[in-house]
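One structure is given below, encoded as structure tokens.
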Amino acid sequence: MTRLVENDIAGLERELDVYEEELLKKTGLNLSEVACAGGNITIHDLRKAAQSYRVAVVPITSGEGVIGGFTQFVASIIRKMGFQATVTEETDVAGFYEGVCQENEIIFMADDKKFIALNLRTKKVIDNGYGTGRGFGAALAGMADGLAGREVLVIGFGPVGSSAAEYLLESGAKVAVYDQNELRMKETKKDMKQEPNLKKALKIYDFLIDATPEGEFISPEDLTDQAMIAAPGIPLGLNAPAFEKYRDRVIHDPLQIGVATMLALAVG
Ligand code: 2YG
């Protein structure tokens, strides 16, 4: 799991509207709609939840400590979905206490190992990796105008890749998986195809999920002309010329889709 740095999220809060316009252009869906698709809830249910839940985001100082702008950006993504969200004054346990006492029933918090959304009313706890995988699966489906019956290659079968693959199977897609780690490949489900050779596979599949922490390992000549890529992996797996060529069919962000889908799953 890649740990974000301040620079990965600097300035993104004020660009959230532009980000959402681009998402809408590429997928036909806004952030809440992608989140609802990935979270298996209706927009109506999300709107209702926004009237009944308030959200607190708690800064956590353990491990490598607070990432500048992280909790503020998380809160702004949640507000973009129509919810009231605040970053607590206090950090850690004191912050959690403050958030609960202010009657927030959804708590977002992240240390260096786990980033979670906790629903205090239903006791549901959602992991970022799970939400991110499902959200990017839903975004790819939006870009492709549905993936039922289509072949999708998932690169990287960690928490994000495996949940993306789960979402794609639920959507009726034919899922193939590549992971450089043989043990991970063994974890693929029986109805998933294993692709042992990445370069060969990239030449076959038009629909890709890049769920690896590797950067710049994909060049333009590796991809099909029709390729569409949803890339939750940080840093981006496409190198600069590949991103330039395919940018209108690439979805990549450090937090937006993952946080939005965590919220939809947490209130679902
Ligand atoms: O409260 C804070 O500011 C810090 N304790 C947050 C630490 C977050 C560490 N985790 C990550 O940076 C990522 N795993 C977050 C998810 C990225 C998903 N693309």
Side-chain angles (χ1 to χ4, degrees), residues 1-13 15-16 19 23 31 34-35 38-39 55-78 80 85-99 104 106-118 125-140 154-164 167 208-216 229-238 250-266:
M1 174 194 71
T2 308
R3 190 177 197 279
L4 298 174
V5 294
E6 195 163 336
N7 215 19
D8 291 328
I9 48 186
L12 295 185
E13 192 170 342
E15 287 164 18
L16 211 38
Y19 164 87
L23 185 68
L31 190 56
V34 168
V55 183
V57 186
V58 181
I60 303 294
T61 63
S62 65
E64 294 182 47
V66 162
I67 299 173
F70 179 85
T71 47
Q72 291 79 5
F73 188 41
V74 170
S76 66
I77 294 165
I78 295 166
K80 183 88 190 142
T86 49
V87 176
T88 57
E89 300 283 321
E90 298 283 350
T91 64
D92 309 303
V93 177
F96 185 79
Y97 178 77
E98 176 192 328
N104 296 284
I106 304 266
I107 308 287
F108 276 71
M109 53 189 170
D111 65 13
D112 294 353
K113 282 207 185 110
K114 277 284 173 201
F115 176 20
I116 64 165
L118 172 63
V125 62
I126 305 295
D127 170 69
N128 174 262
Y130 183 71
T132 301
R134 294 186 65 88
F136 276 82
L140 184 64
V154 175
I155 312 168
F157 203 68
V160 175
S162 56
S163 89
Y167 176 84
L208 307 175
I209 299 267
D210 164 24
T212 72
E214 305 300 323
E216 305 199 3
I229 304 116
I234 306 278
L236 181 61
L238 297 184
V250 175
I251 297 166
H252 176 67
D253 71 52
L255 279 173
Q256 295 92 320
I257 289 176
V259 167
T261 311
M262 287 169 82
L263 182 59
L265 288 160

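Treat the numbers as computed from the prediction; the structure is a model and nothing was measured. Start at 1 and go down the list; that is how both ligands and their atoms are numbered. Values reported hereafter were calculated over all heavy atoms of this structure, with side chains retained and with hydrogens, waters and symmetry mates removed.
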Under 3.5 Å: N or O atoms of ligand 1 paired with protein N or O:
{"unit_1": "ligand 1", "atom_1": "1 (O)", "unit_2": "Ile60", "atom_2": "N", "d": "2.9"}
{"unit_1": "ligand 1", "atom_1": "1 (O)", "unit_2": "Ile60", "atom_2": "O", "d": "3.4"}
{"unit_1": "ligand 1", "atom_1": "3 (O)", "unit_2": "Ile67", "atom_2": "N", "d": "2.9"}
{"unit_1": "ligand 1", "atom_1": "5 (N)", "unit_2": "Ile60", "atom_2": "O", "d": "2.8"}
{"unit_1": "ligand 1", "atom_1": "5 (N)", "unit_2": "Ala110", "atom_2": "O", "d": "2.8"}
{"unit_1": "ligand 1", "atom_1": "12 (O)", "unit_2": "Leu4", "atom_2": "N", "d": "2.7"}
{"unit_1": "ligand 1", "atom_1": "14 (N)", "unit_2": "Thr2", "atom_2": "O", "d": "3.3"}
{"unit_1": "ligand 1", "atom_1": "19 (N)", "unit_2": "Pro254", "atom_2": "O", "d": "2.8"}

With a 4.5 Å heavy-atom cut-off, do Met262 and Asn128 have their side chains touching? yes
Any sub-3.5 Å donor-acceptor pair from Asn104's side-chain atoms to Gly99's backbone N or O? yes
Would you check if Pro232 and Ile257 make a side-chain contact, meaning some heavy-atom pair closer than 4.5 Å? no
Is any side-chain heavy atom of Leu12 closer than 4.5 Å to a side-chain heavy atom of Tyr19? no
Within the structure provided, determine whether Val58 and Thr91 are in side-chain contact (heavy-atom separation under 4.5 Å). no
Before you tell me yes or no, could you show the steps for Thr61 and Asp92 under side-chain hydrogen bond (donor to acceptor under 3.5 Å, both in side chains), namely the whole-Å CA-CA distance, both residues' side-chain angles and the distance that decides it to 0.1 Å? CA-CA 7 Å; Thr61 63; Asp92 309 303; 2.6 Å; yes
